[in-house]
Amino acid sequence: MRIYLSKIMENEFCLPTKASFYDIIVDISKEQFLKHLPFYFYQILYPLYQGKKKYRVQNLFFPQVALSISPLLLHTNQAAITLHLLLEAWLYLSNPIKSTDQTTFSQIKLESLNQEQQKAVHLIKGPVCLLAPAGSGKTKTLVNRIYHLLNKGVSANHILVLVFNRKALQEIQQRVTEKITAPMEIYTFHSFGHRLLKENTNWEFFQEDPEELSNVLLEQAVLKTNKLIYKENQDPLKEYRKMLSKVKNSLLEKEEMIFEQNHRSVDFYPIWQQYLKLWKEEKLYDFDDMLYLTLELLLQNGILRRTLQHQYEYILVDEFQDLNEVQLWLLKILAFPQNNLFVVGDDDQMIYGFRGASIEPILNFAKEFPQGQTLALKVNYRSPRKLVYHANLLIEHNLKRTSKTMQAFQQDQGILQVRVAKDWHQELLAIEKWLEHHNQTETVILYRYQEYGIFLRLYLESIGYHFQESKQHPSILKKVHLLLKFLLKDQDIKEEYRNLFSIPQNVTTKDQLWNYLPKEYLKVREQLKKKDMTFRVLCLQLKISSEFFYDSQEIGEELFHLLSEYINMYGGVKKYFYHRPENATKEALFQLKTIHKTKGNEYDYVCYFHMNLKMDTTTLEEERRVSYVAVTRTKKELLITVQKKDCQLFAEYLQNKKYEMKTTADIEKENQDYKEEMSMLNNQIQLLQKDQWAIKKRTNFVIAEQAETYYEKRQQLLKKKTEKRSNVEQLLFMGNEELQARKLLHQDSDDIINI
C-alpha cells in the first residue's frame, strides 16, 4: 500500500492496518515535512515500526547522519531540539537496524501479581506510564517487568534502569540479583551521567568542596557584568545562586532568567553565559553539574547519542514524578526512537518542587508520547483500611492530579489517633505519652521542616532521651544550657567556655573573662539572680542573634522562635535551667526524620508531628502531597499532632466532602439504616449458603442438570448479596469516620483521641 504524505490530512488520516507492505512516499517540500514531522512520525512511521510491519520510505532528502545539537537551544528554543530528535528518529526508522544481540535465559518465574501489575509487566512495547500510589507494589512491578523482558529474549545490556536515589538503587539491585546472574545496568541518574562523563570527556569530578567551586565561578561571572554589595551577615550571592540552580535543574528559558534584588531587576542570562565560559575553561564539575553536563554531551555528540539509543532498547524509570527538567530531557533523548519507555510514578507523591520536579510530565504523558499508555495500580498493600480511606480524603482535594482512588488490601482497620493541641507544649506532651508505648526501631516521628525536628529533639533530650550526635540535629540545647550555666553559677573558666565565647587562651581567670565580654553579660547576670526572664528578652539584652546557637542561616529565625517557645514553657530561662536533667536516662530507639527523607520507607508506627499550614495558595497542593506521603508510610498505627489554629489540612484529612450538606443527625440516621440493612443481608446470605449446601447434598437424588442450573442461579444471587453487603458496609464505615471526625474537631480535650 502506498502512502503519499502530500495527500494526508491530519484531521482525517487513519493508518490502514491490514496491508502486507507500506510504501511511504515523501512528496512534499522540506519545509512542509518539518512542519508536520511530529504527526508523520507518531501516526505513520512509529506505529509501523512498533507493529513490526514491512515498510519502505522513499525520497528522503536528509542525509542519514547523527546530528549535533547546540546546547544553547536548551534556554532559547527547546522545540527545535525536539524537532532535531524527531528528524533523527525518522531517518533511523526509515532504515532501522534490528538488534541481533539476544541472549537466551532460563525462564525466570515471575512473582505473584495482581491484575493491574500483570498488565504493566506484559505490556512491553511503546511508552507506558504506570501510576503507582503509596504501598501499591511499584518496585515489585518494575522488577518483574525486567524478568519478563529477559524471558522474552531481551539481552540484559539492552535494558537500562534509572532510579531517583541510592536507596531505590540498592533495593532494585538486591531483588534483581536474587534471580539474575547477568550484570544489569541499574543506575541513579547521577551515577549514569558520571559514568558517561568519565568515559567520553576530559572533565574531572571536583570532590574537595563542590559548593565552593560553584561559588567562585559564579562570583567571577557576576562581577563581569554586575556589582556585588557586601554587607555584614549577608550573602551577596544568595539570589544569584538560587537562579543558577534553577537554570541548571529546570532549564529556564532565556526570558525566565530574571529576578529581583535590592529593588531592581537582574538579567541573569549574560551572567549565565559568562559562567558557562569560566566553567568550561576549568573543566571541573560537581554533583549538581553532573546531569546538565551529561545532557550537553548527548546533544553535541550525535554518534554517542545514537550508540546509546541503539543499545538501550528498553528503559525503565522509578519515581518519575520526582524528576526535574534535566532528567526528563535525558530520558527523552535516550528513549528515542523506539520509545520503549516504562516510567513508574505517582503525581500525588511529587514533593520535590524545590528541586525543579513537577507533576506536569505525568499529567501530560499522553501529549508528550502520543502512542503511550497510562495504567494505574489501585491496591495499597501497606496501610490499614482506616488510614487508606483518610489518605484518599486528603489528596482528593487537589485539583491538578490524575483521578485515582486507593483500595486497602488489609481488612484490619488500623489505629488513627489525633491530638488537637492548644500550643506547642501540648503537642510535645502527646509525643512523650505516645513514645512510652512505641519507643522501638519500627517507630518514626515525621515532620515537615528541619526546624521542627531540632525543636522536637530539644524536648526529648530534656525529658531524658539520649540521641547520637548528628550534623543534621546539632545539640543546640547543650549550647543554651552552657550559656545559662555560665550566667547563673560561679564557674571556673573551662575549655567549653572558650569555645562558646571564642575566648583567647591568655584569658585564664573569671575577672579577665568578665572584662573580655561585653558589659551586658554582667548586667543580665545580676538581673537573672533577682528575677526570671523569657529567652527572647535574655538574647536581646545580651545582643545575641540566632546564629549564636547554630550555623545555618536557612533555619535561623524559625528555629530561634521555636527555641524561645520551648524554654518559655517552663515559665522562664531560670526555671527551665533548674528543671532540665543533666544526664539522659533513656535510649532513643525511634527515628526522627523529615518527610522528604523518609519517602519510599514504611514503618509500623508513625507520628506526624505538627501537621500545619506553613504555605500560601500557590503551594497548597504540594503541601497536601507532603502530608499524603507522611500518612501513607504507616503499616499499623498513626498519630497526628496539630494545633487548633492550623486545622485546615487536618480537617481535610479526616472529613469527607460528600457529607458537607448533611447534619450529624442525618448521618446518624443513615448509619442506623445501614446497620439494619447489614443485619438483613447477613441473614439472607446465611440462608443462601445453607441452600447451596442442601443443593449439593440433593444432586445424587435429582436430575443433575436441573440441580446445577438451580445451584448456579443461587450462586449468582449470593454474589450479588455479598457485593451489596460490602457496599453497605463501606457506607457505614464512611459515616462512622465522619461522625468521629466531627466529634474530635468540636471538642476541647487534653488527651489523644482515637478516630
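In what follows, every heavy atom counts, from backbone to side chain, and hydrogens, waters and symmetry copies are set aside. The structure displayed is predicted, hence computed values, not measured ones.
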Pair W434 + Y608: ring centers closer than 6.0 Å: no
message: Please confirm whether the ring centroid of Y576 lies under 6.0 Å from the ring centroid of F535.
response: no
field: Residues, nucleotides or ligands: over 12 heavy atoms within 6.0 Å of K246 NZ
entry: no
- prompt: Would a line drawn from the ring center of F164 to the ring center of Y352 be shorter than 6.0 Å?
  reply: yes
- prompt: Nearest heavy-atom pair of L228 and P236: which atoms, and what distance?
  reply: CD2-O, 3.8 Å
- request: Please report the shortest heavy-atom distance between L484 and V573, naming the atom on each side.
  value: CD1-O, 3.8 Å
SB check K404 D348 (cutoff 4.0 Å): yes
message: Are there over 12 heavy-atom neighbours, none belonging to K523, within less than 6.0 Å of that residue's NZ?
response: no
message: Quick check: Y285 with F205 (ring centres under 6.0 Å apart)?
response: yes
- prompt: Parallel under 30°, tilted from 30 to 60°, perpendicular over 60°: which one fits the rings of F590 and Y465?
  reply: perpendicular
query: Mind checking whether L162 and T188 have side chains closer than 4.5 Å, heavy atoms only?
result: no
Test item: S383 side-chain N/O and T634 main-chain N/O as donor-acceptor pair under 3.5 Å: yes
- request: Examine F455 together with W424 and report whether their ring centres are nearer than 6.0 Å.
  value: yes
message: Between V222 and L237, is the side chain to side chain contact (heavy atoms under 4.5 Å, CB included) condition met? List the steps.
response: CA-CA 9 Å; V222 172; L237 288 174; 4.3 Å; yes
- prompt: Does any non-hydrogen side-chain atom of L387 lie less than 4.5 Å from one of V631?
  reply: no
query: With the threshold set at 4.0 Å, does a side-chain nitrogen-carboxylate oxygen contact exist between K657 and E396?
result: no
task: Indicate, with yes or no, if the rings of F189 and H194 have centres closer together than 6.0 Å.
output: no
- request: Verify the ring-centre separation between H190 and F287: is it less than 6.0 angstrom?
  value: yes
query: Would you call K575-D532 a salt bridge at under 4.0 Å N-O?
result: no
